[in-house]
Every structure is written in C-alpha cells, then in structure tokens.
Amino acid sequence: MTKKALITGLTGQDGSYLAELLLTKGYQVFGLVRRSSTSNLERIHHLSGSVQILSGDLLDQSSLMDVISECQPDEIYNLASQSYVPLSWTQPALTAEYTALGVSRLLESIRRCKADARFYQASSSEVFGQPDESPQTERTAFRPRNPYGVAKAYAHWMTINYRQQYNLYGCCGITYTHESPRRGAEFVFRKITQTAAQIKLGLASELKLGNLDARRDWCYAQDAVYAMWLMLQQDEPDDYIIASGETYSVKQLVECAFNCVGLNWQDYVSVDPTFYRPDEPVQLVGSVDKIKTKLGWQPQHTFEKMVELMVDYDLKKLSNGGV
C-alpha cells in the first residue's frame with residue numbers, strides 16, 4: 001500500500017528536498033501551505049503535479065485538523081517555523097506562535113484525527129544556546145539564548161510529552177546548521193558562496209562579514225532530510241542529533257569559497273561589527289554517535305564538497321541571469 005506523508009514547510013529548503021526523497025521512495029506527498037503565503041515557490045516548482053498542495057496554517061488548529069482528516073497521512077514532518085534567528089528578536093511573539101504554539105496545535109490535531117501517524121519535529125541546535133559541554137549530545141541541557149531557541153525548546157518538549165502521555169509516535173531531530181543551493185541568501189553560508197560567485201563574475205566588489213572566528217557545525221540539507229526519514233522508519237520513536245560532528249570557522253568557509261573561484265579572499269573581505277551575532281554560541285558541535293550507531297546514518301557530503309557544490313550552483317545561476 002502506498003504510504004502518505006504530509007510536510008509542513010514544503011516550500012523551504014528542507015521541505016523541498018524531503019518531498020523529492022519521499023517521491024523517489026514511492027510516497028504520496030502532501031504539502032501544507034498557507035493560502036495567504038507569499039513564500040517563494042521556486043524551490044518546489046519542479047515538483048508541480050507530483051505533490052498535492054493543501055491549504056492550512058499553524059496558527060489555525062481547525063485548518064490543521066481538516067488537512068489531517070482529509071489526507072490521513074502515515075507520516076507527518078513539521079519543518080515549518082520562523083527560522084531566521086535575528087528576526088526572532090524583532091518578532092518574538094510571532095516566532096512563538098509559529099515555532100512553539102504551532103507545534104502544540106499540530107500535535108493535538110494528530111492526536112484527534114490520526115493518532116497512529118508518525119510525527120517528526122524539526123528541533124534545532126539553538127535549543128542548546130551556550131552549552132556547558134562540547135560536543136553536545138541528546139542529553140545536553142537546553143539553555144536557549146534567543147526567542148527562536150526558546151520556541152524550539154518548547155516544541156521539542158511538547159513532542160516528548162505527547163509521546164509519553166498519549167503514546168504518540170513522535171521524534172525530534174536536533175538539526176545543526178545545514179546548507180544547500182536552496183538556502184536563503186540571508187544565511188551566512190549562502191551569503192558567502194553567492195558573493196564569491198558575484199565577485200568572480202564582476203557583479204560585486206566586496207563581502208562584509210561579522211566574526212570570522214565564529215565556528216559552526218555545518219552539514220548538507222539532503223543528508224539531513226534523509227536522517228529525518230530514517231528516524232520515522234524505526235520500531236520505536238526517539239530523538240537524535242543531526243549534524244556533521246565537525247566545526248569550521250567562517251574564515252575557513254570564506255577561504256574555501258574564494259579558492260573555488262580562484263581568488264584571494266583577503267582582497268575582498270572586510271569585517272563589519274554590525275554583523276556580529278549577539279550571544280554568539282560557544283562551540284556548537286553535535287555528537288553523532290547515537291544516530292550513527294542506532295540508525296547507521298552519516299553525512300555523505302564533506303565540508304569542502306558542500307562549499308564547491310554551492311559556489312558552482314551560484315556561478316551557473318548568475319551566469320544565466322539568475323535563472
């Protein structure tokens with residue numbers, strides 16, 4: 001029998017890659033999209049006709065119940081949220097509504113309308129904030145330091161509580177920063193690869209960045225969504241860190257990206273203190289021991305390969321007039 005999956009956040013980076021993965025595995029895929037959404041549908045344009053779009057909103061529980069009742073999904077992946085950390089400071093209440101309370105509405109809708117569905121909640125390394133240990137494990141204490149991290153911590157614990165209270169099959173994937181050509185240009189990794197390509201093509205002359213010594217645990221989005229799917233195929237639900245297990249500095253990222261286009265990064269990059277993040281996390285790096293041991297998962301893309309893929313993509317797109 002054909003499995004059915006519902007994805008919230010379909011139009012985002014992870015949602016589009018997950019839809020592709022599920023389609024290759026023979027799923028019938030549904031995507032939840034706000035009717036009033038001005039989201040860019042570019043990431044899922046190639047999936048037109050393959051994915052059924054349903055109208056719903058994480059702010060409106062009745063719409064969630066209608067969607068779940070209609071499509072009766074076997075698996076539900078909640079990838080929707082207000083996910084840009086700086087914006088969570090300027091819109092903290094909206095971030096809480098979508099990223100935290102939206103999950104409560106979704107969990108309750110599942111309980112009422114499709115209690116045997118398997119649920120994936122996209123948790124985040126931002127729940128750790130400024131951790132007291134490195135690398136972080138699934139048992140590391142949550143100490144979020146921004147409204148986005150606080151909202152994700154709420155959603156994480158609500159998923160666990162529904163699992164314990166109602167025997168709901170719910171899993172949380174604590175994803176660290178993950179990138180791809182579909183990443184928004186406001187995020188530093190994509191900003192760097194895109195600007196390096198622009199400078200190479202004569203479309204830009206400089207790149208302004210914040211703390212070059214800041215380190216991140218970066219993995220590839222396609223590797224991350226495979227881990228999400230894998231989590232829902234297990235006999236018992238559990239929570240896992242999804243990461244590379246390695247960190248690289250922004251400076252290393254810049255150097256690698258500019259090497260890809262044959263330029264010396266020091267000729268084009270300047271530091272602008274206005275780009276420094278408040279409460280810069282200290283050594284956020286995930287331990288992948290559990291997910292490797294229990295699920296047999298490990299990243300397929302190295303850091304260098306990821307940078308190369310994204311720079312090449314941006315060069316080709318910009319050379320074709322942005323198409």
Within the structure provided, determine whether [X] and [Y] are in side-chain contact (heavy-atom separation under 4.5 Å).
X      : Y      : result
Met310 : Ile192 : no
Ser270 : Tyr268 : no
Ser244 : Phe303 : no
Asn264 : Phe258 : no
Met228 : Asp14  : yes
Asp60  : Leu64  : no
Arg183 : Phe189 : no
Thr195 : Gln198 : yes

Original post:
Is the centre of the Phe128 ring less than 6.0 Å from the centre of the Phe142 ring?
Top reply: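 Yes, the ring of Phe128 comes within the 6.0 Å limit of the ring of Phe142, centre to centre.
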Using 4.0 Å as the upper bound for N to carboxylate O, is an ion pair formed by [Y] and [X]?
X      : Y      : answer
Arg112 : Glu108 : yes
Glu236 : Arg163 : no
Asp213 : Arg215 : no

Please check if the number of heavy atoms outside [X] that lie under 6.0 Å from its [atom1] is greater than 12.
X      : atom1 : answer
Asn167 : CG    : no
Lys305 : NZ    : no
Trp229 : CH2   : yes
Lys3   : NZ    : yes

[X] side, atom [atom1]; [Y] side, atom [atom2] - distance, nearest 0.5 Å:
X      : Y      : atom1 : atom2 : answer
Tyr313 : Arg190 : OH    : CZ    : 6.0 Å
Gln13  : Leu79  : CD    : CG    : 10.5 Å
Lys114 : Leu6   : NZ    : CG    : 11.5 Å
Tyr169 : Asp116 : OH    : CG    : 12.5 Å
Leu201 : Leu318 : CG    : CG    : 6.0 Å
Thr247 : Gln252 : OG1   : CD    : 7.5 Å

Do [X] side-chain atoms and [Y] backbone N/O form a donor-acceptor pair below 3.5 Å?
X      : Y      : answer
Thr159 : Gly170 : no
Lys152 : Ala122 : yes
Ser249 : Ala214 : no
Arg143 : Gln130 : yes
Ser16  : Leu10  : no
Ser69  : Asp66  : no
Arg105 : Leu58  : yes
Lys290 : Asp239 : yes
Arg118 : Leu232 : yes

Specify the closest pair of heavy atoms between [X] and [Y], including all atoms of both residues, with the distance to one decimal.
X      : Y      : answer
Pro144 : Ala153 : CG-CB, 4.4 Å
Ser180 : Tyr220 : CA-CE1, 3.8 Å
Arg145 : Trp89  : O-CZ2, 3.3 Å
Lys191 : Ala185 : CB-O, 3.6 Å
Leu207 : Ile199 : N-CD1, 4.4 Å
Ser134 : Val285 : OG-CG1, 3.2 Å

Can you hop from [X] to [Y] via hydrophobic side chains spaced under 4.5 Å?
X      : Y      : answer
Phe30  : Leu47  : no
Tyr166 : Ile160 : no
Tyr240 : Tyr226 : yes
Val150 : Trp157 : no
Tyr77  : Ile291 : yes

Check: [X]/[Y] side-chain N/O donor and acceptor closer than 3.5 Å:
X      : Y      : answer
Glu133 : Thr140 : yes
Ser104 : Tyr154 : yes
Glu75  : Gln233 : yes

Subject >> Row check, Tyr17 ring normal vs Arg182 NZ/CZ: under 6.0 Å, within 45° >> reply: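 Yes, Arg182 lies over the aromatic ring of Tyr17.
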Subject >> From CA spacing to verdict: side-chain contact (heavy atoms from CB on, under 4.5 Å), Ile242, His178 >> reply: CA-CA 9 Å; Ile242 303 173; His178 45 294; over 6 Å; no
Original post:
Considering residues at least two apart in sequence or located in another chain, which fulfil the salt bridge (charged side-chain N to carboxylate O under 4.0 Å, His left out) criterion with Lys294?
Top reply: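 For Lys294, the residues satisfying salt bridge (charged side-chain N to carboxylate O under 4.0 Å, His left out) (neighbours in sequence not counted) are Asp238.
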Subject >> Residues in side-chain contact (heavy atoms from CB on, under 4.5 Å) contact with Ala243, at least two apart in sequence or another chain >> reply: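 With neighbours one apart ignored, the set is Tyr176, Asp217, Ile241, Val288.
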**OP:** Let me see the working for Asp314 and Lys316 under salt bridge (Lys or Arg N to Asp or Glu O under 4.0 Å), right down to the final yes or no.
**Re:** CA-CA 5 Å; Asp314 285 322; Lys316 289 174 185 173; over 6 Å; no
Subject >> Chi angles and distances behind the side-chain contact (heavy atoms from CB on, under 4.5 Å) call for Arg111, Gln165 >> reply: CA-CA 11 Å; Arg111 185 182 75 82; Gln165 181 71 16; over 6 Å; no
Subject >> Identified side chain to side chain contact (heavy atoms under 4.5 Å, CB included) partner of Val67 from the options Leu54, Leu106, Asp57 >> reply: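 Considering Leu54, Leu106, Asp57, a side chain to side chain contact (heavy atoms under 4.5 Å, CB included) with Val67 is found only for Leu54.
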**OP:** Carefully, step by step, assess Gln300 and Asp223 under the rule side chain to side chain donor-acceptor pair (under 3.5 Å).
**Re:** CA-CA 6 Å; Gln300 299 301 302; Asp223 292 335; 5.7 Å; no
